[in-house]
Amino acid sequence: MKPFDIRQPLSAGLALLLLILPFICNAYWLDVCVSIGLYALLALSLNVILGQAGIFHMGHAAFFAVGAYTTAILNTSFQWPILWTMPFAGAVAALFALIVARPIIHLRGDYLLIVTIGIVEIVRIALLNDVGGLTGGSNGIFGISRPTIFGFRIAKGTQFYYLVWGMVGVSLLLFHSLWRSRFGRALNYIKEDDIAAEGSGIHVSHYKLVAFVLGAFWAGMAGTVYAAKMTTIAPESFNFLESVIIFAVVILSGGSHLGVLISAFLFIGLPELLREFSNARMLIFGFAMMAMMIWRPQGILPPRHRRYNTAGSLAKGTPPTAELASTSKEGTA
């Protein structure tokens, strides 16, 4: 008899709640839920880098900013429709990630963490200095248009709510498929022991770089949604604190996709629920997070352990790591 798994009923209940939420909450809380969805989207993109590959990356807001500014420039200067800019925003963010990550991807632990902190500061300062006369300096970019789908203009809070959470749903499906794929298993192997993974024939740097670029691509597309919702962006919206929040959401989640959603609610929604306590709310929130890390250091909902049919593999004369090794050879061929 299989042990009871809370994830399935929890996922179903969360999906049902998200569907009916716009009908039971006011405009303010609907806006809070949109913010939770945006952070969940960013945390899911960082989870590929941090949660699956184990890369300590605290500059994710840089790729978010690159995507948002790409959309803003294409929309305001070249009159591109917002949703058309989304893949280009992701591609520019991914290209930027490839350029900055290629020389540093071999670093580990604290060294990589410090370098990625520098990335987000470099982007913020470049935006403040109005690179190429396109970013607007400290004033940012105004007049970003609302997205339209088949002639239907998305402008109301409810419409943005379903747009953001629809993207979160698509992201969950794609990232779950990635986690179950051979590429995802290779990333998990690298996270657990990159030296052993390298010894098994996995090209560790290659896989880390791909994970980094993939996460940046998704963060860039999240920047499109943010720019469309706010209709104005400025460099201060993408500071180091934003990277810290996204990083903390992934760490608190435990690395699972469902855990990311719950963690995003705790980080963004819980302080709003405690707003009636005025100045004490952040103190209460801080103690709650400390208690969480003390009594549940593995995170809210860590991913389930993978099960491999090693007996079947050995019966065929194939070692359990051969599949991952073959993945590496295919990826580098």
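None of the values given here were measured: they were computed from a predicted structure. Computed over heavy atoms, backbone and side chain alike; hydrogens, waters and symmetry mates excluded.
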Legend entry - Intermediate values then yes/no, side-chain contact (heavy atoms from CB on, under 4.5 Å), H106 and Y111: CA-CA 10 Å; H106 64 281; Y111 298 102; over 6 Å; no

Legend entry - Derivation of the side-chain contact (heavy atoms from CB on, under 4.5 Å) call for I245 and I268: CA-CA 9 Å; I245 294 173; I268 310 304; 4.2 Å; yes

Legend entry - Stepwise side-chain contact (heavy atoms from CB on, under 4.5 Å) test for N47 and W179: CA-CA 11 Å; N47 193 51; W179 183 80; over 6 Å; no

Inset, instruction - Please assess V115 against V100 for the test side-chain contact (heavy atoms from CB on, under 4.5 Å), listing each intermediate value before the final yes or no. - result: CA-CA 10 Å; V115 172; V100 299; over 6 Å; no

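Expressed to the nearest 0.5 Å, how far CD1 of I190 lies from CD of E198 amounts to 8.5 Å. Once rounded to the nearest 0.5 Å, the distance linking CE of M167 with CH2 of W218 reads 7.0 Å. Taken from CG in L46 to CZ in F247, the straight-line distance is 7.5 Å, to the nearest 0.5 Å. Taking CG of L113 as the start and CE of M58 as the end, the distance is 4.5 Å to the nearest 0.5 Å. With rounding to the nearest 0.5 angstrom, the CD1 atom of I36 is 11.0 Å from the OG atom of S263.
When all heavy atoms of I49 and G215 are compared, the closest pair comes out as CD1-CA, 4.0 Å. F267 and A248 make their closest contact through CZ-CB, 3.4 Å (heavy atoms, listed as atom of the first residue, atom of the second, distance). Of all heavy-atom pairs spanning V164 and G37, the tightest one is CG1-C, 3.5 Å. Taking each heavy atom of A211 and F183 in turn, the nearest pair found is N-CZ, 4.3 Å. Considering every non-hydrogen atom in both V48 and L178, the closest pair reads CG1-CD2, 4.1 Å. Pairing each heavy atom of L261 with each of L14, the nearest pair is CD1-CD2, 3.7 Å.
Under the side chain to side chain donor-acceptor pair (under 3.5 Å) criterion, Y69 pairs with no residue at all, not counting sequence neighbours. Listed by chain and residue number, T85, T224 satisfy the side chain to side chain donor-acceptor pair (under 3.5 Å) test with T71 (two or more places apart in sequence, or in another chain). Scanning for ring-ring contact (aromatic ring centres under 6.0 Å, His included) contacts around F212 gives H57, F63, with sequence neighbours left out. Partners of L19 under the side chain to side chain contact (heavy atoms under 4.5 Å, CB included) rule, at least two apart in sequence or in another chain, do not exist in this structure. Every salt bridge (charged side-chain N to carboxylate O under 4.0 Å, His left out) that K229 has, sequence neighbours left out, goes to D31. Looking at residues two or more places apart in sequence or on another chain, you find no side chain to side chain donor-acceptor pair (under 3.5 Å) involving T76. Residues passing the side chain to side chain donor-acceptor pair (under 3.5 Å) test with E272 are Y28, R275, sequence neighbours excluded. Checked against ring-ring contact (aromatic ring centres under 6.0 Å, His included), F238 has the following partners two or more places apart in sequence or in another chain: F64, Y226. Not a single ring-ring contact (aromatic ring centres under 6.0 Å, His included) links F56 to another residue, sequence neighbours left out.
Grouping the Ile, Leu, Val, Met, Phe, Trp and Tyr side chains by contacts below 4.5 angstrom, directly or via other members, places L173 apart from L187. Transitive grouping of hydrophobic side chains (ILVMFWY, heavy atoms separated by less than 4.5 Å) brings I104 and V123 into a common cluster. In the hydrophobic clustering of ILVMFWY residues, with side-chain heavy atoms under 4.5 Å counting as a link, V170 and F160 come out together. Cluster annotation: L241 and L38 are assigned to the same hydrophobic cluster (Ile/Leu/Val/Met/Phe/Trp/Tyr, side-chain heavy-atom contacts under 4.5 Å, transitive). A chain of hydrophobic side-chain contacts below 4.5 Å, direct or via other Ile, Leu, Val, Met, Phe, Trp or Tyr residues, connects M230 to Y162.
Annotation for F88: atom CZ does not count as buried by contact number, only 12 or fewer foreign heavy atoms lying within 6.0 Å. By the 6.0 Å contact criterion, CG on N26 is enclosed, its count of non-hydrogen atoms from other residues, nucleotides or ligands being greater than 12. Counting heavy-atom neighbours within 6.0 Å of R146 CZ, excluding the residue itself, gives a total above 12.
Although no hydrogens or angles enter the test, the distance criterion places no donor-acceptor pair under 3.5 Å between the side chain of T70 and the main chain of A89. Judged purely by atom type and a 3.5 angstrom limit, R185 uses its side chain to pair as donor or acceptor with the backbone of R180. At least one donor-acceptor pair closer than 3.5 Å links the side chain of W165 to the backbone N or O of C33. Looking only at distances, no side-chain donor or acceptor of S77 sits under 3.5 Å from a matching main-chain atom of L74. With hydrogens and angles disregarded, no donor-acceptor distance shorter than 3.5 Å links the side chain of Y39 to the backbone of E242. No donor-acceptor pair under 3.5 Å is formed between the side chain of T148 and the backbone N or O of G151. Checking side-chain atoms of T231 against main-chain N and O of S145 turns up no donor-acceptor pair under 3.5 Å.
The shortest side-chain heavy-atom distance between L18 and Y161 falls under the 4.5 Å cut-off. Counting heavy atoms from C-beta outward, I82 and I154 have side chains that stay 4.5 Å or more apart. In this structure, the side chains of L83 and M86 come closer than 4.5 Å at one or more pairs of heavy atoms. Side-chain contact between R108 and D194: present, with at least one pair of heavy atoms (C-beta onward) separated by less than 4.5 Å. Looking at I262 and L10, their side chains come closer than 4.5 Å, going by heavy atoms from C-beta outward. The shortest distance between side-chain heavy atoms of L98 and L209 falls below 4.5 Å.
Each of L44, I300, L172 was evaluated against V260; a single residue qualifies, L44, per the side-chain contact (heavy atoms from CB on, under 4.5 Å) test.
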Identify every side-chain donor-acceptor pair in residues 251-259 under 3.5 Å, counting partners at least two apart or on other chains, and give the distances.
| unit_1 | atom_1 | unit_2 | atom_2 | d |
| --- | --- | --- | --- | --- |
| S253 | OG | V250 | O | 2.6 |
| S253 | OG | G255 | N | 3.1 |
| S256 | OG | G259 | N | 3.0 |
| S256 | OG | L301 | O | 2.2 |

Contacts under 3.5 angstrom, residues 127-139 side chains, donor-acceptor by atom type, not counting sequence neighbours:
| unit_1 | atom_1 | unit_2 | atom_2 | d |
| --- | --- | --- | --- | --- |
| N129 | ND2 | I125 | O | 2.7 |
| D130 | OD1 | L134 | N | 3.3 |
| D130 | OD1 | T135 | N | 3.0 |
| D130 | OD1 | T135 | OG1 | 3.4 |
| D130 | OD1 | G136 | N | 2.9 |
| T135 | OG1 | L127 | O | 3.0 |
| T135 | OG1 | V131 | N | 3.3 |

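Pairs passing the ring pair (Phe, Tyr, Trp, His ring centres under 6.0 Å) check and including a residue from residues 133-159, sequence neighbours excluded, do not occur.
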